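Presented below is the structure to which this report refers.
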Amino acid sequence: MFDKILIANRGEIACRIIDTARRLGLRSVAVFSDADRDARHVAMADEAVPIGGPAPKDSYLQGARIIEAALQTGAQAIHPGYGFLSENPDFVDAVTAAGLVFIGPSSSAIRKMGLKDAAKALMEAAGVPVVPGYHGKNQDGDHLAEQAEAIGYPVLIKAVAGGGGKGMRLVEEPQAFAAALASARSEAETAFANPDVLIEKYIPKPRHIEMQVFGDGTSAVHLYERDCSLQRRHQKVIEEAPAPGMTAEFRAAMGAAAVRAAEAIGYAGAGTIEFIVDGSNGLRPDGFWFMEMNTRLQVEHPVTEMITGIDLVEWQLRVASGESLPAKQDQIRVRGHAFEARLYAEDVPAGFLPATGTLSHLAFPDTARIETGVRTGDVISPWYDPMIAKVVTWGPTRGSALKSLETALEDTEVAGSVTNLDFLIALTRHAGFRQGEVDTGLIARDLEALTAEAPADPRDLALGVLGLAGLAWPDPAASGDLGVALWQPLARRIDWQGGSALLALDSAISARVTIAEQHHDLAFRNGGWWIDGRPHKARIVAHAAGVSVFGARHLHLVPLDPLARGGSETGGGLTLSPMPGLVRAVFVTAGQTVAAGDPLAVLEAMKMEHTLTAARDGIVAEVLAKAGDQVEAGAALIRLEEEQADA
């Protein structure tokens, strides 16, 4: 076994690898970009080495710098995680040439599976079923159209070097083929510098089921399947293991095919064989086809670990250090069911746009396995994938595991950035998903219902108003004392972005909040909140971005700031974003004359719109943001010309 390894990655996967390395007694070396100087994986590692600027091309894709860092720190091996350089065969060759061990497959195996057309031909030769289609070298448009006709519509056009849905088009009739081909080629050229495509038969109700495989270069085993059908635009959202509706016959056929695929290329390490499955009439042994192989650890590997009790990272380290496979096929068992939900900083109402921001509050329940690379106070950077965490649950049955996931998501608390948390919770409650009726089109079919914004509980809103007044943190030992001393009744108006309320205190233990002429009476009794004469289970947290109430639906209230009142401006005439958010609209152009109080732009943050106004009369010198931009707190949006001094 190694003594020290370097992790050529960041975020939650780097932290995940460090955890296993530490448990095995190995020392770890982290690498970091300028944007990740204070990141969690840097703090966790035994050593950390800077490797460049915030853009991946200047840091995490700089293979030579990473290898140099490994040599300088005495690391014997490099673990690539996933993404970045994990499936780059040239990097594998460079690692090996430097006398280091690459914790993953050989460059030869990666190259064999790197292009979809070549991989499918290789799989056909190995007796692995592949989707009917054309995987040839002739890329003439007319020839491809003829092949599509022969396969039979509908068909999928797919970039041979593709991934993540890029360079993929569904074509349902011959007349649409030429335009779809041109579009797919253009996108593939931009994304992969390779415009070549293949044509496949489209499966009308497809499921995405993948097999976790592990090899030692000679033989391989599988660790059962994962169902990754719950996708949006080809991006996985919630994964589970085992697959709903799985039969022993189907599993045996798919498992054998996956092992043949791995052994055909002499695979060593963790890999995933992805299959497309016809889900229209149940799972049938003749109803699955090879899609592609991911020659690395998968994002969703924790669900496999939860049902098998096997640490896949430990297996990676052991096999890379020269050990044979740690277990035989008949020693690997399935126990119970597991789910993984991917929690992202993204703006769901705006079309799932990636979001940024400072995580002013972050808390997870202890009832779930949490894979995360961030902490309270960390920044979701625009440079990288905006994943906050993977929430993983296990149960003896699918129903119990799914209920655990729903509860864990409800108990997850995030403030400071918009997230997809409500969307994930809605998915766990989807009737079809609960029954195991999954396919890759489920989210698209029911997107409107899944993203519908439920109204805030008025009791949560009343509690948030109390928090904005600074009165919602009583001492439980005070038996209901709100923490104020009153000589006479007190009433005041509380304003926040998007609303206003009247708060009345008539004693040190109770308050009345009036919102839109509706009254709510609040008190703190026996360590909990009572609202309108009934106990109310909600948790209130104050943080740098405002006040959050975590109840049945998470509610965030942002107090009005000087910019909202139109009376504040920084030196140099700059109007700054008061918080992380999405620029919804910009109302001015350079050279335009504005008066104090005129609207300049609209910022959406915490699911509310905030109009930024001119602090003084002046002329717009520069417009530094446009509609659709995600901006950090303090980002300059509008600059007015300098005020002229009196003569």
Side-chain angles (χ1 to χ4, degrees), residues 347-350 410 413 415 418 421-422 425-426 448-449 451-474 480 482-484 486 488-525 528-543 545-567 578-579 581-582 584-585 597 599 602-613:
D347 191 335
V348 173
E410 289 172 345
E413 302 175 359
V418 293
L421 188 54
D422 288 339
I425 294 171
E448 185 175 350
T451 56
E453 206 165 343
D457 186 326
R459 296 171 299 169
D460 286 345
L461 193 55
L463 192 55
V465 169
L466 204 61
L468 288 175
L471 302 176
W473 295 274
L482 289 176
V484 296
L486 292 178
Q488 60 183 3
L490 174 67
R492 59 176 287 202
R493 178 159 295 283
I494 303 294
D495 297 315
W496 66 94
Q497 291 176 26
S500 180
L502 183 66
L503 170 64
L505 298 175
D506 55 13
S507 74
I509 63 170
S510 64
R512 168 168 284 192
V513 173
T514 303
I515 306 171
E517 300 184 357
Q518 295 295 315
H519 306 300
H520 299 283
D521 295 311
L522 295 85
F524 191 78
R525 300 176 189 155
W529 288 103
W530 285 66
I531 303 179
D532 298 333
R534 296 165 58 186
H536 186 64
K537 300 296 183 184
R539 178 168 138 77
I540 184 163
V541 176
H543 46 75
V547 169
S548 295
V549 181
F550 299 105
R553 175 175 174 265
H554 296 179
L555 177 68
H556 308 286
L557 300 182
V558 181
L560 289 178
D561 56 71
L563 283 180
R565 296 183 175 90
M579 68 203 74
L582 174 73
R584 277 292 183 197
V602 172
L603 182 75
E604 183 185 276
M606 299 289 189
K607 299 185 179 179
M608 296 183 183
E609 291 192 349
H610 174 193
T611 300
L612 305 180
T613 59

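Just the heavy atoms: all of them, side chains too, but no hydrogens, waters or symmetry mates, feed the values below. Note that this is a predicted model, so its numbers are computed, not measured.
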First locate atom OG1 of T514, then atom CG of D521, and finally report the distance between them rounded to the nearest 0.5 Å. 8.5 Å
Set of salt bridge (Lys or Arg N to Asp or Glu O under 4.0 Å) partners for D532, sequence neighbours left out: none
Can you list everything that forms a salt bridge (Lys or Arg N to Asp or Glu O under 4.0 Å) with D347? Sequence neighbours excluded, please. none
Kindly write out the residues that satisfy side-chain hydrogen bond (donor to acceptor under 3.5 Å, both in side chains) with T451, not counting sequence neighbours, or none if the list is empty. none
Return the minimal non-hydrogen interatomic distance between G546 and P559, and the atom names on each side. CA-CD, 3.7 Å
Closest heavy-atom pair and its distance - V549, A538: CG1-CB, 4.0 Å
P599: what forms a side chain to side chain contact (heavy atoms under 4.5 Å, CB included) with it, not counting sequence neighbours? F587, T611
From L522 CG over to L471 CG, what is the distance, rounded to the nearest 0.5 angstrom? 10.5 Å
Return the set of residues passing side-chain hydrogen bond (donor to acceptor under 3.5 Å, both in side chains) with R534 (not counting sequence neighbours), or none when no residue passes. none
Looking at residues at least two apart in the chain, or sitting in another chain, which of them share a side-chain hydrogen bond (donor to acceptor under 3.5 Å, both in side chains) with E410? R429
Examine W530 together with F524 and report whether their ring centres are nearer than 6.0 Å. no
When rounded to the nearest 0.5 angstrom, what is the spacing between CG in L557 and CD1 in I540? 8.0 Å
Separation between CG (L582) and CG (L603), nearest 0.5 Å, reads 7.5 Å
Heavy-atom closest pair (V513 atom, A501 atom, distance to 0.1 Å) is CG1-CB, 4.1 Å
Is there a side-chain contact (heavy atoms from CB on, under 4.5 Å) between I515 and V465? Walk through the geometry before answering. CA-CA 9 Å; I515 306 171; V465 169; 4.2 Å; yes
Say you draw a straight line from CG of L461 to CG of L466; how long is it, rounded to the nearest 0.5 Å? 11.5 Å
Taking side chain to side chain contact (heavy atoms under 4.5 Å, CB included) as the definition, give me every residue that meets it alongside A456, ordered by chain and number, with sequence neighbours left out. R553, L555
Between NE2 of H554 and CD of E413, what distance do you get to the nearest 0.5 Å? 6.5 Å
Can you name the residues that form a side-chain hydrogen bond (donor to acceptor under 3.5 Å, both in side chains) with D460, not counting sequence neighbours? H536
